[in-house]
Structure formats: structure tokens, C-alpha cells
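Read through the structure below, which is laid out as C-alpha cells, and then see the notes.
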Amino acid sequence: MDLEAQHVETLSSTHNKLQVKDFIWSENEWPTVAHDDFDSGDDIPIISLSNRSRNNDECYEKACEDMVTTCERWGFVRVVDHGVAAETVENMKRRCSEMFDLPMEMKMKGARSTCMPLGYSANYMNAMDGLGMVILDMLAHGLGLPHDFFTKNFNKEKESTMIRVNRYPPCPLPERCLGLGSHSDPHALTILLQDNVGGLQVQKGEGVWVGVRPIPNSFIINIGDTLEAWSNGRLKSVVHRAVVNRERKRLSIAYFMSPASDTVIDCPLELVRDGYRKYKPFTWSDFRSQLLLQRRVVGKTALLRYLLP
């Protein structure tokens, strides 16, 4: 049977009979790095958060500096010793897998609607919020800013924060398909939980992609467009994608943190070098509304509209 003609069941289109060929991307986006090729990406640092308390001055300073340095270079960092209970993580993965295994008619009962656009906050989301606040606190300190420079803008509302769970099934044509196309995250910070399959790839240079090896008991932290603008480009939002494979399904759980809607994203004077501001100020609400007008965010196109000459 022609692989492209195989039928695919999808959550978003229960009435149309879609085929594999409907999911083939344009040739210039076909992945050339396999889902389990991690060799060139193994130099992405792993940072322990065991010294995340400001009471341990010397160790805390070093951890904050390392985190900023890594995010300046990669836009990604892997964290361990993060304080999130293993039971919380495993329970989340198990429940998500159980949900995806339900019959389609059962899953559709939980579809997003006008009356339930964002769902509800659960134990895992509370744990992610706590971890995210620690990361933002450390990044601010590492940049030489007051420790609450970022976090004070995340306490007023949580409606801009969201979680996205993806399960990518085995794909008969992984060399022509993507689980998620190349993009940067528009939010401030993303906390990603991977399973052990692999599929996350980061753009290291123009056209150069590297695979991020899954590390047990760790989270991937990546900088979003909002935080890049906020830091005057010091912290980088990196372009990344998800690739698929023929043999194994892959689960990923991403927690996206954003500030309150009326927060003005404007770099502080401490980060203005030689009087140069890289981005014009904007509110998160304005940025979010602009995103809704864009059919697909390719690369860092969402942030470029605020770039100053």
C-alpha cells in the first residue's frame, strides 16, 4: 500500500478522512537529523537547581551566572534537582497517556470550547508555576536585576499561562513529516517535560539542527520571545521543532508562562548597552493579539515586528 495514501485518525478533524500525504511538509522543511541523533546537541549544559536558594550566596551566584550564560548562547537549558516530586511528574505522564488512549468520542468531550478555553489548574501546573518562578528569579539575578524584576509581573493573573500536551504517533514517513514545525515560543518561558523517545531539535545555526537528548528526572527550559525582548536580546529565544519516527510514539508536555496582560515588556536601563534598545516596548496583551492574526509563526517572525532599526 502507498504510504502516502494511508488513512490517519485525528482529533481536530473527525469528519474528514485524512491521509498521510495531508501531513507532508514542504521539501525545504524536511528533517535531515533523526529523532535519536543527539551527538551534536550533547554540549547543551545541564544545571543543577540544588542551590536555588538565595541563602547559599556563593553557589547561588554561580548557578544564576551559568543559567544566564547558557541562555545567552543556546536559549535552552536542562535543569535537574529541580524540586518537582517524581510522583507528580509520573502521574502527569500516566494521566496524559490514558487520555490519549481513550476512544475518539470520549476525547472530544474535553475539546476546547468558548465555555472551557483553558481548562483548570491542577497539581502539576502548580508545580510548574513554582519552578518557573524560581527560574525567572535566577535569570533576573544573573542579569544583575532585582530578583523579582520578572516574577512580580506573574502574580496578578494566570490566564495567560497555558499547558500543551502532544502525543506524536509513529509516522510512516518521518523523513517528510514533522510533529511541530520550526518556531520560537512567543511566551516568556517554557518548561518542557520529555519522555525518553527524543524528537526535540534546536536550531544551532542557519540550517543546522541538533537533537536534545532526553535526560531522566529533568526539564528543558527555553526562553520565549517575550523574555528575549525584556532582556534586550541578552536571553535568546531559540527556533526549535519536533520530529517524528517510524517505531515509537512520543509524549511531550509543555508549560508556557506569560506575564499579566497589562505588563509592559520594556528592557530595564541596566541592560541598555551604549544607549541601544533592540526592541520597542509592547504589552503582553498586544503581542498576544498580534499572534492571533498570524496563521503560523515561522522562525521568530512574531518578535520581528517589534525590532527597532
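Because only heavy atoms are used, hydrogens play no part in the values below, and waters and symmetry mates are left out as well, while side chains stay in.
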Plane angle bin for Y60 and H141 - parallel if under 30°, tilted between 30 and 60°, otherwise perpendicular: tilted

Taking C-beta and beyond as the side chain, do P45 and D66 meet within less than 4.5 Å on heavy atoms? no

Regarding D185 and N222, do their side chains bring together a donor and an acceptor under 3.5 Å, going by distance alone? yes

If we only count heavy atoms from C-beta on, is the L193 to Y124 side-chain gap below 4.5 Å? yes

Verify the cluster assignment for I220 and V77: are they in a single hydrophobic cluster under the rule of side-chain heavy atoms below 4.5 Å apart? no

May I ask you to check whether T283 and D262 show a side-chain donor-acceptor distance below 3.5 Å? no

Side chains of S258 and H187: donor-acceptor distance under 3.5 Å anywhere? yes

Going by the salt bridge (charged side-chain N to carboxylate O under 4.0 Å, His left out) test, name the single residue among R78, R73, R213 that passes it with D43. R73

Applying side-chain contact (heavy atoms from CB on, under 4.5 Å), name anything that partners P281, two or more places apart in sequence or on another chain. V264, D266

May I ask you to check if R241 and W209 form a cation-pi contact, with NZ or CZ under 6.0 angstrom from the six-membered ring centre and within 45° of the axis? yes

Going by atom types alone, do Y168 and N166 pair a side-chain donor with an acceptor below 3.5 Å? yes

Check the side chains of R288 and S261 for a donor-acceptor pair under 3.5 angstrom, ignoring hydrogens and angles. yes

Check the pair H240 / F76 against ring-ring contact (aromatic ring centres under 6.0 Å, His included), numbers first and verdict last. CA-CA 10 Å; H240 54 286; F76 268 67; 5.5 Å; yes

Under a 4.5 Å cut-off applied to non-hydrogen side-chain atoms, are R234 and E228 in contact? no

Distance-only donor-acceptor check, side chains D225 and S237, under 3.5 Å: yes

Anything under 30° is parallel, anything over 60° is perpendicular, the rest tilted; go ahead and classify F219 against H82. perpendicular

Please lay out, stage by stage, how Y279 and Y306 fare under the test ring-ring contact (aromatic ring centres under 6.0 Å, His included). CA-CA 5 Å; Y279 299 99; Y306 297 104; 8.2 Å; no

Side chain proximity check, N217 to V89, heavy atoms < 4.5 angstrom: no

Path from V202 to V243 over hydrophobic side-chain contacts below 4.5 Å: no

Is it true that N245 and R248 share a donor-acceptor pair across their side chains at a distance under 3.5 Å? no

